[in-house]
Each structure stands twice: as C-alpha cells, then as structure tokens.
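See structure below.
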Amino acid sequence: MSDRLLAGLNDQQLAAVTLPAQPALILAGAGSGKTRVLTTRIAWLITTRQASPQGILAVTFTNKAAKEMTARLSAMLPINTRGMWIGTFHGLCNRLLRAHHRDAGLPQTFQILDSADQLSAIKRLLKANGVDDEKYPPRNVQQFVNGAKEAGLRSGAVEVDDPYNRRMVEFYALYDAQCQREGVVDFAELLLRCYELLVRNEPIRTHYQQRFAHVLVDEFQDTNTLQYRWLKLLAGEHNAIFAVGDDDQSIYAFRGANVGNMADFEREFRVRNVIRLEQNYRSHGNILDAANALIRNNARRLGKNLWTSEGTGEPVRVFEAGSDGLEAAWLVEEVKNLVADGQARREIAVLYRSNAQSRVIEHALFNAGIPYRVYGGLRFFERAEIKHALAYLRLIENPADDTAFLRVVNFPARGIGARTIEQLADAAKTGGRSLAASVGAVAGKGGAHLAAFMQLIDSLRFETANLPLAEIVKATIGRSGLIDHYREDKEGAERIENLEELVNAAAAFTVEEGYAQDAAGTAADGAAALPSPLAGFLSHAALEAGENQAAEGQDALQLMTVHAAKGLEFHAVFITGLEEGLFPHENSMQELDGLEEERRLMYVAITRARRRLYLSFAQSRMLHGQTRYGIRSRFIAELPEGGLKWLTPRLREGSGMRFGAWHDASVRAAASAPEPAYGAAERNGLRIGQTVRHARFGEGVIVRLEGSGADARAKINFGAQGVKELLLAIARLETA
DNA sequence: TCGGTTCAGAGTATT
DNA sequence: TCTGAACCGA
C-alpha cells in the first residue's frame, strides 16, 4: 500500500515524506514537487497508521491550494478526507471561532468583514469622531490596524512615541470596540481572536494540541508573525510541524510575510531535519541556469540550487524594443509564430511587474485578434450587486451590522437621504446602540421610511426562518427590490444574472459538518450548535471571494502580474518591461531588502517557464502620461551570458556594437529606435532617448537636454546609479 | 439624486 | 494617460 504511494519519488522527496514525527523544514525549490511531497506525507502518515485523519491539520494561504490538496488526497487515499482539517489560516480560524464563539467573546452569528467592508467601517468611525481624514486617511488607519493585528498586538500593546501614532492607536481601540459592538470581525481579527482564544483557554488549547499530532504548512515563507505564533501554539510541546517553503520565492513581505520565520523555526524547534528539494521537474537547463545565477546575487538566503535531468534546452531570448508599443508589437508577432507552430495559447503567459503595463499589450493583442485573458480584477462576491444582496442577508442574520445596514438602507432608493442617516447615526451614538436599534428615535418622514426598511428586514427574517438557504436568498433579492431595481436599469441584465447565480451558489452550498463535534470534544464548552446555513454561507462569501480571472472559454493567452503567476507554469513565458525603475520597481529601492525581494520576484517569473523564456525591455515607455526613457534592468546583466540569445543588436561595454541574430522583418521594425520625443532635440550630437556610457556611472539613457554652449547639460538615467545631470563640456560621454 | 466636472495619484495582493 | 473619488449644480 505505502509502496505504491512512494513509487516515483526521488531520494529527497522520499526522505521528506517518510521523516519521523519531528519538526521538519522542507526547502522546496520551484517546480520540485512541493505539493506532491506535502500530500504524500499526509497519505503516508495515515496509510502507515502513524496518524489518524483526525490528527492532521494542513494549512495553506489560498482556498485554491487547500482545494488542490484535498482533491489530491482523495485520489490517493481510499478513505474520505472529512476528518482532516485542511484549509486556509482564515478558514480554520473561522471554524475554531464558530465552535467556541462564546469563549472567544463573539456572538454566534458574528459576520466577517472583507477589506472593503473594513475600510467603510473605518471611514464611518472616523466621520463619527469628527476626524480630519486628510490628516488620517482611512486607508492608513486600516493599514495601521491590520499591521498591528498581524504582529499580534492589541491597541494597548502597541508601542508608540509620537502624537500621530498615538492617535492611530486610539482609532485602533475605537475600531475594535465598534466591531465588537456590531458583532463583526475583519480578516486579521479572525487570526488574532483565534490565537488569543488558544492562549487564554487552557482546556481548548490542550484539546487541539492533543488532537493535531501533525501540523503541515504550505508556503511557509509567506507566514506573518501572528500566523507563526499561532502554529507554534497549536504544535505545543510535542506535535510535529512539517513546514514546506522556499525563501527564494518570498515575495509578500509588503503584506506582512516574514521570511525570517523560516530561520526562526529552524532555531526555535531545533530542527534536525532540513531537506532541500532541488531537482526541478519543470524547466529546461538554460532556464534554471538563469534562475540560479540571478538568485545567487541575493545575500540573505538559506541556499539552494535547482537542477534538472533534462537537457539545456533553448537559450533564453532577449529583446530590446524602441518603445513599449514596439515591445507589444514584437510580442504579438512572436505569439503568432508560436501559435502557428501549434502551441496552445493557454500555455503562453505574458508577465509584467505592474497591472498598468497590461494596457499596451492588451491593445496590441486586441488589434491582432489574439484571444487573451487577464488575471485579476473583480471577483464574484465583490460585485456591487452581490455585496448588496449579501448585506441584506447579513442584516437578517445580525441587525447590529451597521456596515451592512448603511450599504442597503437606501438601496434601492427608498427616500432615506443623508440627513436622515445623520440623525440616525446621532441617535445610535447617544444611545450606544446599533443603527437598526435606533430607528425609532428618528421622527418625521425619514423616520417612517426607516421604520418601513426595518419592517422589511424583520419580515424577511421571520418569513424565511425555516426555508432552505437558496429560498432565503431568492426571497431576499426579490423582496429587497434589488431585482426590480436592476430590471429598470439599462445595463442591469448582467447584474440580475449574477443575482440569480447567487441563488445557485446558495443551493450548491452545504455547511461543513464537524463544527458541533469540534466543540463537543472540549471540556470547556458544551456542544455548540451547528451554525445556521445562512451564517455558513456568509462566511463562505467573505472568505472565498470566488474566481478572479476572466471567464474560461476559448484557448487564450494568459496575461498576469508576476505575483499572480506564482505557483503556475507555462510552456512559454514572456517577462516584459524589464527596465530599471519598473522591474526592479523604483519604490522598492526605499525599502529594507527591497531589491532582494524584487530579485526573488524575477526568480519566480523565470521559473514559471517550462521550455521557452523571453525577456524584453523598451527604451521608452509611456508612464503616467509622460514618455520615460529607461535602461534595461540590472537583472538581465545578472544572467549567464552563454545561455542568452539576443534578438536585437546589443550595445557592448567598451567595444562597439555586436549584432545578434536578426529575427525577421517585424522584429527589425520593432527594434528600431524611437522617434525623438519632441522636435529635433539634438545638442552636441546627442538626442533624448539615446544610450550613452559614462566612465563612472556606466550605461545610461538621456532623459533631457538643457542649456547651450558651455552650459549645455544632459540629464541621464543611469539606472542603479540614479539620474544625474551632467555638464557636457566636462563629462566624457561615449556614444555607441 | 443624479450626472457631469475636476483633481490627485498612479506597486505587488490573499483572506 | 487614465482612473477613481470627491464635489457641485440642476
């Protein structure tokens, strides 16, 4: 049984899968079979009876990863996966808090705020307290609150020594009080509240520590401080944490991830079992050589080198375009050639550093009639009409939810204007009650409308109390007037379709079983009731916003940011916009270890490609409405020369020009130098956009020419060396 | 309450 | 350049 399970694993994978029940750190390189090791480890523990399904806790960051793990396990194991806890940090914390809501100090019907809900709750709070939102932008307050929570700090524990941040701490405290009053929790709160529950409640903690003998973590390099502490707490003294991650693919520091957790884990748990998975099953040699050479420039690494038993494969192709438009034109031609050679479009990815870069590319693809899909964008549960419907459902479940109340109290319009809301908010504040509970305090016409609104909510709650979930949703979107509202709207047809889709989603949704047992198993808490289907559905909507890629359908080219590409792989990959300031991004330079994180990002991008990799950059690019002249990214220079194939002639250090292979007519056109930006701005034989070389600063691009005669100056972008203004009479500039 | 105009800002993102 | 948010007049 277990033989079949282990067949085909390489030595390192086998070693990882069959490790004894001790803390283990698996450094899994890109394409090294990470998910396979993780799932096989679980299957092996169960098949060899070292663990029962109930003893397994597996944590991921995304629902997608959790689903994939569950699916693979069901295929590997004859038993069903029901007893195991496999999910995201947030999903698992939600599950724990539902089971022990009383011990956690939460109402049974607590609702989850997504980021947008959280922001509007904060805006409301600041307004109610008369805060100048110029000085304290709601976004900053949100970041402050989330940052503190992710560090495991309550408002009382945040240390500040300046008046500005002291104020922030006050807002944090007020915000938490508001959430508590309204019975809502944000994403970070799910984790922090769960962590605090386990810290404070010894019986519950012991219960789960005794249950989960094996804690497995995916993408460990992405954990934040609080998540790591949560894991430590669950592991207790005796449980085995099996952490899988890749420090070289840590690209989420900006949202709180702490790669240092890997080294901390190794030290704090005295990990004896560090296993490196370095054999790559994805890419050909030249691609891996490029990735290895690049990442070697990072100083802070645990160290790892990818290798493949496959051949070197094709060289990495490099293309220099005159402008962003020409880069896109070249890309279109190249894609056409690939497709003509029989390559499926869905196996070709176009990657870029920032979303804004997709526009030029989309434009070119659209004109060429090449089908493409852009990842990212609005997800199902984030659509306005869906959020409106969910707000009604939330009010049915919990009338104290002021965020939901304000969202739909006058949508569809029912004559409740800003003044009425103001009066209501005042009454609520004085009475220390929710908006819904203060409705009676508003007199006049507005008050009558408010009363009618509350009656609608109350009757919906009453009448749907015993209906199946889908019927509740159906009644809500009808009785609320949402459907009628969108029927009036010229462009409402799609929104009505989405609302109907919400009914389908509700019909397909079933509450996970097991909550009640979880609670019953602990001494502290009696058996908690199963959450209502509606509560379960609302959590689901908040925790899993749905697909965020354009609709499936025809075979289409894949466009996405490098971040979005993590975890994916393609036959051919284009990494575009490889220019200083863009990739590496200029903002990253101000950050601690910013450049290293950009390099890891580039490493992730390179390792997405199986067979063919293209790198491209443009001499000029339209950015924020202005033409910017950039120079090629330093990352290109960090790649092994021998594995590259330049598709355009290349300016060489010291020597003159070296000509690479011309591709075809279209390439020559695309590579040709850009028109000077304005007029014949040529001075002393120099023009804007021209590449020059300076003895000390190296290669740069002329951004501006000013003055004349002895005062003639040139502003030159030397990339890593920065932008310098040089007197032409003094500076010795070499031109190619 | 809607619709047009003006203005600032523009990095990556899951739950 | 383009987008989203804020603001003002009907």
Side-chain angles (χ1 to χ4, degrees), chain A residues 59-66 87-95 112-120 123 133-134 137-139 143 146 149-150 185-192 194 218-219 222-224 226-227 249-257 324-325 351-360 362-363 375-379 381-382 410-420 489 539-548 560-567 577 581-591 594 597-598 600-602 604-605 621-628:
Chain A
V59 199
T60 64
F61 277 87
T62 64
N63 292 298
K64 198 176 157 201
T88 62
F89 280 100
H90 295 86
L92 296 170
C93 286
N94 177 49
R95 187 169 172 174
I112 301 168
L113 300 184
D114 67 17
S115 312
D117 293 333
Q118 184 190 31
L119 186 61
S120 62
K123 279 183 184 163
D133 60 4
E134 294 265 301
R139 285 216 168 275
Q143 274 184 346
N146 289 339
K149 287 188 180 184
E150 279 159 16
V185 298
D186 58 53
F187 287 134
E189 183 71 23
L190 279 172
L191 285 160
L192 183 53
C194 184
D218 190 20
E219 306 277 18
D222 289 339
T223 50
N224 64 33
L226 181 58
Q227 286 159 341
Q249 292 189 69
S250 161
I251 56 173
Y252 286 114
F254 71 91
R255 67 172 202 216
D324 47 356
L351 309 185
Y352 34 79
R353 174 69 239 270
S354 61
N355 286 304
Q357 289 166 252
S358 77
R359 281 201 29 240
V360 184
E362 285 188 68
H363 185 74
Y375 276 61
L378 213 52
R379 303 157 98 200
F381 287 110
E382 289 167 357
N410 196 38
F411 192 96
R414 44 176 74 89
I416 299 171
R419 187 149 319 130
T420 308
D489 192 342
S539 305
H540 168 78
L543 291 174
E544 193 166 352
E547 285 290 307
N548 73 341
M560 65 193 84
T561 63
V562 181
H563 282 93
K566 186 168 168 231
L582 204 62
F583 199 180
H585 198 278
E586 54 199 354
N587 294 2
S588 71
M589 301 302 172
Q590 273 81 258
E591 287 157 21
E597 176 135 324
E598 293 290 301
R600 290 193 290 269
L601 196 53
M602 179 67 180
V604 167
R621 180 175 298 274
M622 200 59 132
L623 211 62
H624 308 331
Q626 281 182 323
T627 307
R628 287 230 316 209

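Keep in mind that the numbers below use all heavy atoms, side chains included, and drop hydrogens, waters and symmetry copies. Here is how names work: the chains are called A, B, and so on, in the same order as the sequence lines, proteins then strands, and each is numbered from 1.
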Touch class at under 4.0 angstrom, heavy-atom based, for Glu189(A) against every strand present: nothing
Presence of Thr561(A) side-chain N/O under 4.0 Å of dA13(B) phosphate oxygens OP1/OP2: yes
N or O in side chain of Asn94(A) less than 4.0 angstrom from dT15(B) OP1/OP2: no
Whole-angstrom distance between dG4(C) and dA13(B), as gauged at atom P: 15 Å
N-O pairing of Arg628(A) and Glu586(A) below 4.0 Å: yes
Residue pair Phe583(A), Met602(A): steps toward the side chain to side chain contact (heavy atoms under 4.5 Å, CB included) verdict: CA-CA 8 Å; Phe583(A) 199 180; Met602(A) 179 67 180; 3.9 Å; yes
Most 5' of Phe61(A) and Gly625(A) on DNA chain B, judged by nearest nucleotide: Gly625(A)
Pair Phe61(A) and His90(A), ring centroids less than 6.0 Å apart: no
Verdict with reasoning, Asp186(A) to Lys149(A), per salt bridge (Lys or Arg N to Asp or Glu O under 4.0 Å): CA-CA 10 Å; Asp186(A) 58 53; Lys149(A) 287 188 180 184; 2.8 Å; yes
Options dT14(B), dG11(B), dT12(B), nucleotide nearest the side-chain atoms of Phe254(A): dT12(B)
Nearest-neighbour nucleotide for the His624(A) side chain, dT15(B), dA13(B), dG11(B) considered: dG11(B)
Sugar-phosphate, base or nothing in reach of Asn355(A), heavy atoms under 4.0 Å: sugar-phosphate
Segment of DNA chain C, first to last nucleotide, that comes within the 4.0 Å heavy-atom reach of chain A: dT1(C) to dC2(C)
Nearest-neighbour nucleotide for the Thr88(A) side chain, dA13(B), dT15(B), dG11(B) considered: dT15(B)
Sugar-phosphate only, base, or nothing, as touched by Asp222(A) at under 4.0 Å among non-hydrogen atoms: nothing
Distance in angstrom units between Arg139(A) CZ and dA10(B) C1', rounded: 13 Å
Please tabulate the protein-to-nucleotide N/O contacts below 3.5 Å involving nucleotides 1-7 of chain B, giving atom names and distances.
unit_1: dT1(B); atom_1: OP1; unit_2: Asn410(A); atom_2: ND2; d: 2.9

Short side-chain N/O contact to dT14(B) OP1/OP2 from Asn63(A), under 4.0 Å: no
Counterpart residues, side chain to side chain contact (heavy atoms under 4.5 Å, CB included), relative to Ala65(A) (two or more places apart): Thr60(A), Thr62(A), Asp218(A)
By side chain to side chain contact (heavy atoms under 4.5 Å, CB included) - contacts of Arg139(A) (at least two apart): Leu119(A), Gln142(A)
Nearest heavy atoms of Asp114(A) and Phe187(A), plus distance in Å: CA-CE1, 3.6 Å
Under 4.0 angstrom between Arg379(A) side-chain N/O and dT15(B) OP1 or OP2: yes
Spacing of the C1' atoms in dA5(C) and dT12(B) (rounded, Å): 22 Å
Sugar-phosphate, base or nothing in reach of Tyr252(A), heavy atoms under 4.0 Å: sugar-phosphate
Sugar-phosphate only, base, or nothing, as touched by Arg359(A) at under 4.0 Å among non-hydrogen atoms: sugar-phosphate
Interatomic distance, Leu113(A) CG vs dT15(B) P [rounded to whole Å]: 17 Å
Sugar-phosphate only, base, or nothing, as touched by Glu598(A) at under 4.0 Å among non-hydrogen atoms: base
Partners passing side-chain hydrogen bond (donor to acceptor under 3.5 Å, both in side chains) against Glu362(A) (at least two apart in sequence or in another chain): Ser358(A), Tyr372(A)
Lys566(A)/Glu219(A) ion pair, N-O < 4.0 Å: yes
5′-ward residue of the pair Ser115(A)/Asn587(A) relative to DNA chain B: Asn587(A)
Atom-pair distance (NZ on Lys566(A); P on dT14(B)), nearest Å: 11 Å
Listed partners of Glu598(A) passing side-chain hydrogen bond (donor to acceptor under 3.5 Å, both in side chains), at least two apart: Arg353(A)
